[in-house]
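Order of the sequence lines sets the chain letters (A, B, ...), proteins ahead of strands, with each chain counted from 1.
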Protein chains: 2
Amino acid sequence: MSLRFAVLTLLDIEPGSGYDLKRRFERSVIHFWSASHQQMYRELHKLHGEGLLDCAEQPQEGRPDKKIYSLTDAGRDTLRTLATAPASTQKIRDPFLLQLFAGHHLPPAQLRAELERHLAEHRALLETYEAQNARFYKRPPEQRQRLWLAHQPLVLGIATEKTWINWAEQLLARLESEEAG
Amino acid sequence: MSLRFAVLTLLDIEPGSGYDLKRRFERSVIHFWSASHQQMYRELHKLHGEGLLDCAEQPQEGRPDKKIYSLTDAGRDTLRTLATAPASTQKIRDPFLLQLFAGHHLPPAQLRAELERHLAEHRALLETYEAQNARFYKRPPEQRQRLWLAHQPLVLGIATEKTWINWAEQLLARLESEEAG
DNA sequence: ACGTACATGTAACCAGTTACATGATTAA
DNA sequence: TTAATCATGTAACTGGTTACATGTACGT
């Protein structure tokens, strides 16, 4: 139900097309949820079929027509219901940790290279989060007050990435000293 | 491919049945991967069908027969290949953060109750990790040296849970002061 | 000529969850 | 007698990924 919940939440804030939603996921929700454009279109069709969304076709010149989706009353009801339902606690599922767990199958140099690759990705992620965070703090105080709750996932995202990077740096140092010694 | 990798890794350490694997997942790998018994049995059948596992039926008295699976040579080859393949970086997908993001749809008291429920779950999780960690440090130094890499996911698990709990406690304090003020 | 952004979609597959089904043993 | 642990499985469904398909516009 989470993709459904996410789609309804974003369309409730502002109507848009599948393509719009995909970009909004990437820009604002990526640190705690993600979805491909194929998932979007499938979900939008389903929601529309169930009468939770209205669809307005908007012809465009020079580019493909847009289908702008917005919530119906039934959609808003469903959103309220989903928002109230208890969410399940997320278990970690990290393929890289699995790889580490079986790390004795890899030559140490390759393991170190893998770790450095993941480190680079996490550092890049942290940078984009920090940038989003900086934009938040440039908003007027009135908006910051209103949006503080929706901002909390980003706060956690930043803390989590810092934790990851810190752990990985210590691990890297140890891998290097094991290789040297 | 990750479930496959996890199953092969555990069976490489020690052969066992689907039921055994399920328990070993819960005891040793749960903090970075999880799987239900249905997934196990399906994966074991598939791996066996592909000739990556041998299966020895072991009759038992008073309880159902066991099917003990172990790696074939082809299985060990596959495991080595999977261990070498670059793992994708995990994206966070936390339904609770989605709920927070849409938190304005919930009455504050209910939101606080939800947060407290999740906090309790994360605290319990941290406790079990700390217990596992304590058991690790009771092992003889020779074993600690040999297993240090496989122990790293647990180190990260502990740090991540602490980060989560710390974030949630600050959020809870703010929710309480907003309710009071 | 090539890549990127815009815009929507189908099909096949892989992964994970939920519900159901069976049946013995052991401890409270 | 009730619940938990041991042990294996089927079926249906939901969710997510990968590959393919189409076509315009714009910048290099």
Side-chain angles (χ1 to χ4, degrees), chain A residues 1-8 15-27 29-30 32-50 53 55-69 82 85 87-95 98, chain B residues 1-8 15-27 29-30 32-50 53 55-69 82 85 87-95 98:
Chain A
M1 291 290 95
S2 287
L3 177 59
R4 165 164 300 217
F5 180 32
V7 166
L8 289 175
S17 68
Y19 195 85
D20 291 337
L21 279 179
K22 194 200 115 204
R23 278 182 313 164
R24 285 166 67 189
F25 262 76
E26 277 163 10
R27 283 176 199 171
V29 195
I30 188 72
F32 55 95
W33 204 266
S34 62
S36 60
H37 79 278
Q38 293 85 347
Q39 273 182 285
M40 295 296 173
Y41 290 122
R42 189 165 50 178
E43 196 62 36
L44 287 170
H45 286 304
K46 246 199 281 181
L47 289 165
H48 185 239
E50 291 171 33
L53 296 181
C55 177
E57 240 163 295
Q58 181 185 299
Q60 296 190 122
E61 280 166 39
R63 39 185 69 174
D65 293 354
K66 265 188 175 188
K67 292 181 182 174
I68 307 287
Y69 292 94
L82 289 176
S88 62
T89 306
Q90 187 55 15
K91 298 161 209 156
I92 296 177
R93 281 171 170 274
D94 192 334
L98 218 43
Chain B
M1 290 292 94
S2 287
L3 176 59
R4 165 164 300 219
F5 181 33
V7 167
L8 289 174
S17 69
Y19 194 84
D20 290 337
L21 278 179
K22 194 200 115 207
R23 278 182 313 165
R24 284 164 68 188
F25 261 76
E26 277 163 10
R27 284 178 197 168
V29 195
I30 187 71
F32 56 94
W33 205 265
S34 61
S36 60
H37 78 278
Q38 293 84 348
Q39 272 182 286
M40 295 295 172
Y41 289 123
R42 188 165 54 181
E43 196 61 37
L44 287 170
H45 286 304
K46 245 199 282 181
L47 289 166
H48 186 239
E50 290 172 33
L53 297 181
C55 177
E57 239 162 297
Q58 180 186 300
Q60 297 191 121
E61 279 167 40
R63 38 185 68 173
D65 294 355
K66 265 188 173 187
K67 292 181 180 172
I68 307 287
Y69 291 94
L82 288 176
S88 61
T89 306
Q90 185 56 13
K91 297 162 211 155
I92 296 178
R93 282 171 170 274
D94 192 335
L98 217 43

[X]: partners by ring pair (Phe, Tyr, Trp, His ring centres under 6.0 Å), with sequence neighbours left out:
X: A:H45; answer: none
X: B:Y41; answer: B:H37
X: B:H48; answer: none
X: B:Y69; answer: none

Rounded off to whole Å, could you give me the [atom1]-to-[atom2] distance for the [X] and [N] pair?
X: B:D20; N: D:dC6; atom1: CG; atom2: P; value: 9 Å
X: B:I68; N: D:dA7; atom1: CD1; atom2: P; value: 8 Å
X: A:Q38; N: C:dT8; atom1: CD; atom2: C1'; value: 10 Å
X: A:R27; N: C:dA5; atom1: CZ; atom2: C1'; value: 11 Å
X: A:K66; N: C:dG9; atom1: NZ; atom2: P; value: 14 Å
X: A:I92; N: C:dG16; atom1: CD1; atom2: P; value: 15 Å
X: A:L98; N: C:dA15; atom1: CG; atom2: P; value: 13 Å
X: A:L44; N: C:dT8; atom1: CG; atom2: C1'; value: 11 Å

Return the set of residues passing salt bridge (Lys or Arg N to Asp or Glu O under 4.0 Å) with [X] (not counting sequence neighbours), or none when no residue passes.
X: A:K67; answer: none
X: B:K66; answer: B:D20
X: A:R4; answer: A:E43, A:E50

Tabulate atom names and distances for all N/O pairs under 3.5 angstrom spanning the protein and nucleotides 12-16 of chain D.
| from | atom 1 | to | atom 2 | distance (Å) |
| --- | --- | --- | --- | --- |
| D:dG15 | OP1 | A:M1 | N | 2.5 |
| D:dG16 | OP1 | B:R93 | NH1 | 2.8 |
| D:dG16 | OP2 | A:Q39 | NE2 | 3.0 |
| D:dG16 | O5' | A:Q39 | NE2 | 3.4 |
| D:dG16 | N7 | A:R42 | NH2 | 2.4 |
| D:dG16 | O6 | A:R42 | NH1 | 3.0 |

Flag, side chain of A:R93 to backbone of B:S34, donor-acceptor distance under 3.5 Å: yes
B:Y41 vs D:dT8: side-chain N/O to OP1/OP2 distance below 4.0 Å: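 Affirmative; the distance criterion is met.
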Geometric cation-pi criterion, B:K22 with B:F25: 6.0 Å, 45°: no
Along DNA chain D (nearest heavy atom to each residue), the more 5'-positioned of B:H45 and B:R23: B:R23
Nucleotide nearest [X] (side chain, heavy atoms from C-beta), chosen from [options]:
X: B:H37; options: D:dC6, C:dT18, D:dT8; value: D:dT8
X: B:Y19; options: C:dT8, D:dT10, D:dA7; value: D:dA7
X: A:K67; options: C:dT8, D:dT10, C:dA11; value: C:dT8

Angle between terminal axes - the helix from C:dA1-D:dT28 to C:dA28-D:dT1, 5 pairs each end, rounded to 10°: 40°
